[in-house]
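Worksheet for the structure shown next.
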There are 2 protein chains.
Amino acid sequence: MHCKPNNLGIIERKEREKAEMRRRIVDAAVQMIVEEGYEKVSIRNIADKIEYSPATIYLYYKDKDELLYDVQSQAFATLAEEFREKINAVDPFKRLEQLAVAYLDFSRQHPELYDLMFIIKAPMNTLVEKEKWENGDPSYDALHGLMQECIEKKVVKFKDATIATLSVWGFAHGLISLHLRGRCTKVSRVPEEDIPGVIATAIDEYLEMIKA
Amino acid sequence: MHCKPNNLGIIERKEREKAEMRRRIVDAAVQMIVEEGYEKVSIRNIADKIEYSPATIYLYYKDKDELLYDVQSQAFATLAEEFREKINAVDPFKRLEQLAVAYLDFSRQHPELYDLMFIIKAPMNTLVEKEKWENGDPSYDALHGLMQECIEKKVVKFKDATIATLSVWGFAHGLISLHLRGRCTKVSRVPEEDIPGVIATAIDEYLEMIKA
DNA sequence: TTTGGAAAATAAACACTGTTCAGTATATTT
DNA sequence: AAATATACTGAACAGTGTTTATTTTCCAAA
């Protein structure tokens with residue numbers, strides 16, 4: 001039978017402990033992904049790091065994908081922080097430029113996190129039983145709102161906010177992910193060391209192009 | 001000691017057989033990736049399919065990455081074919097539009113191959129001991145040449161062919177890969193079923209925008 | 001304070017993966 | 001026919017995610 005302790009303090013503490021354990025697991029995973037790369041993140045390695053048995057992790061996460069979804073959430077939190085710090089202009093187009101720079105910077109300072117957020121399949125498998133991608137939604141909405149404002153104030157050529165949002169995001173993501181996954185490297189006429197500069201220039205030119 | 005057969009016919013046949021075996025392996029892998037998806041492609045599954053032992057595969061490929069590199073090569077060959085069929089206009093800008101459509105179509109008809117060509121890390125690991133990405137190079141060069149021509153004939157706003165190439169490719173790839181990896185799905189204001197249409201429209205608008 | 005039972009943690013196994021290596025079978029040369 | 005080089009494979013190693021039966025820990029009532 002299900003036991004309901006009379007003492008409500010205990011059930012609260014249990015919940016706190018449960019949450020704390022999940023935090024420990026996610027923190028270990030985040031640290032490993034940042035310091036040793038995504039490929040080193042295995043259930044056994046995480047278990048080692050937090051000094052628990054691998055099976056214990058399955059008392060807190062139903063599978064690895066669900067765990068990675070929480071790691072992704074953490075990654076989006078740090079991206080959101082960067083956005084708050086670096087996006088502060090009053091002019092919406094200026095804010096768009098700041099956002100682009102912040103996004104590109106993030107991808108360079110935390111390539112493994114970027115991968116988990118926007119490229120790797122695993123964390124998205126948990127979305128089948130959700131009706132919203134809570135992790136990515138705030139950032140998407142921030143960009144959507146910004147594009148909306150840019151359209152209203154006629155500072156960009158776009159007419160539709162959704163197309164504008166996906167275009168800007170897609171443009172930046174396309175260049176970043178091609179580079180991250182080694183598709184620009186060793187291709188004719190593109191010297192390896194020049195690529196980061198080319199990407200930055202391409203994004204600059206693109207923003208110039210969409211300007212109304 | 002190293003044996004050098006006197007009969008040159010035999011050494012030739014051996015080479016033919018070696019090449020044929022590699023072809024069998026790659027064909028099995030391509031078929032599996034297309035029919036059952038990338039995740040089902042394991043050395044053991046390939047070995048089963050061609051009725052050899054898993055260890056045999058390692059007599060023809062030093063590791064799985066090298067094998068996948070050859071699978072990727074096959075994939076690029078079919079993309080090149082599509083390009084030859086669908087790109088035939090005389091006007092360079094019209095050709096660019098045809099190329100964009102062909103690229104988008106390919107990503108939809110062969111999403112698993114697209115993944116292997118432009119997203120998955122594995123096949124690119126073999127590039128460390130190469131000085132060129134032979135698989136992707138012809139396609140890249142085709143686009144680069146086309147952009148060069150567009151610039152010379154002043155039908156696009158770009159000044160630099162490399163930036164133009166990466167911009168166009170990056171834009172299309174960004175939207176396609178975000179969609180392929182489930183990042184557009186379940187995000188505010190973007191109904192799932194509309195995404196393919198939005199992507200096509202975004203690409204159209206982009207091409208309109210870069211037109212001189 | 002001891003005992004009953006729920007909750008938390010784990011050891012061990014299962015079914016996979018890529019890869020290596022010793023040993024066998026086949027084919028070719030002497 | 002014997003020697004040798006080539007082709008192949010069974011079995012193992014080290015790793016993966018995950019499940020289950022078992023043990024340990026904890027808390028509440030007798």
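Only this structure's heavy atoms are used, side chains among them; waters, hydrogens and symmetry mates stay out. Order of the sequence lines fixes the chain letters, A, B, ..., with proteins taken first and strands second; residue numbering starts at 1 for each chain. Everything numeric in this text was worked out from a predicted model, so none of it was measured.
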With sequence neighbours left out, write down each residue that passes salt bridge (Lys or Arg N to Asp or Glu O under 4.0 Å) with A:Asp65, or none if nothing qualifies.
none
Those residues of residues 113-129 of chain A lying under 4.0 Å from DNA chain D by at least one heavy atom:
none
Give the rounded distance in Å between these two atoms: CG of A:Leu59 and P of C:dA6.
18 Å
Could you check how far CD of B:Glu20 sits from P of D:dA7, rounded to whole Å?
14 Å
Axial bend angle, the helix from C:dG5-D:dC26 to C:dT30-D:dA1: five-pair end segments, nearest 10°:
30°
Rounded distance in Å - CG (B:Asp48) to C1' (C:dG18):
15 Å
Results of ring-ring contact (aromatic ring centres under 6.0 Å, His included) for A:Tyr60 - residues two or more places apart only:
none
Give a yes-or-no answer on whether the side chains of A:Thr126 and A:Glu66 include a donor-acceptor pair shorter than 3.5 Å.
no
N-O pairing of A:Glu39 and B:Lys121 below 4.0 Å:
no
With a 4.0 Å cutoff (strictly under), does any side-chain N or O of A:Tyr60 reach OP1 or OP2 of C:dA9?
yes
Relative to B:Phe118, does A:Arg181 satisfy both conditions: NZ or CZ under 6.0 angstrom from the six-membered ring centre, and within 45 degrees of the ring's axis?
no
Assess whether ring-ring contact (aromatic ring centres under 6.0 Å, His included) is satisfied between A:Tyr114 and A:Tyr103, documenting all intermediate values.
CA-CA 10 Å; A:Tyr114 186 92; A:Tyr103 190 80; 5.5 Å; yes
C:dT10 P sits how many Å from A:Glu51 CD, rounded?
10 Å
Does a side-chain N-to-carboxylate-O contact under 4.0 Å join B:Lys40 and B:Glu112?
no
Distances under 3.5 Å between protein N/O atoms and the N/O atoms of nucleotides 16-20 of chain D, please, pair by pair.
residue: D:dT16; atom: OP1; partner: A:Ser42; partner atom: OG; Å: 2.9
residue: D:dT16; atom: O4; partner: A:Arg44; partner atom: NH2; Å: 3.4
residue: D:dG17; atom: OP1; partner: A:Ile43; partner atom: N; Å: 3.3
residue: D:dG17; atom: OP1; partner: A:Lys64; partner atom: NZ; Å: 2.9
residue: D:dG17; atom: OP2; partner: A:Ile43; partner atom: N; Å: 3.0
residue: D:dG17; atom: N7; partner: A:Arg44; partner atom: NH1; Å: 2.7
residue: D:dG17; atom: O6; partner: A:Arg44; partner atom: NH2; Å: 2.9
residue: D:dT18; atom: OP2; partner: A:Tyr58; partner atom: OH; Å: 2.6
residue: D:dT18; atom: OP2; partner: A:Lys64; partner atom: N; Å: 2.8
residue: D:dT18; atom: O5'; partner: A:Tyr58; partner atom: OH; Å: 3.2

Once you round it to whole Å, what is the distance between P of D:dA7 and CD of B:Glu15?
11 Å
Intermediate values then yes/no, salt bridge (charged side-chain N to carboxylate O under 4.0 Å, His left out), A:Arg16 and A:Glu20
CA-CA 6 Å; A:Arg16 260 203 329 274; A:Glu20 212 190 286; over 6 Å; no
Nearest whole Å is fine: how far is C:dA9 C1' from A:Lys18 NZ?
12 Å
From OH of A:Tyr52 over to P of C:dT10, roughly how many Å is that when rounded to an integer?
7 Å
Atom pair distance, as rounded to whole Å: CE in B:Met21 and C1' in D:dT6
13 Å
So, the side chain of B:Arg189 versus the backbone of A:His144: is there a donor-acceptor pair under 3.5 Å, distance only?
no
Taking only side-chain nitrogens and oxygens of B:Thr56, does any of them come within less than 4.0 Å of OP1 or OP2 of D:dT9?
yes
Partners meeting ring-ring contact (aromatic ring centres under 6.0 Å, His included) with B:Phe106 (sequence neighbours left out):
B:His110
Using modelled atom types and a 3.5 Å cut-off, is there a donor and acceptor pairing between side-chain atoms of A:Lys86 and backbone atoms of A:Val101?
no
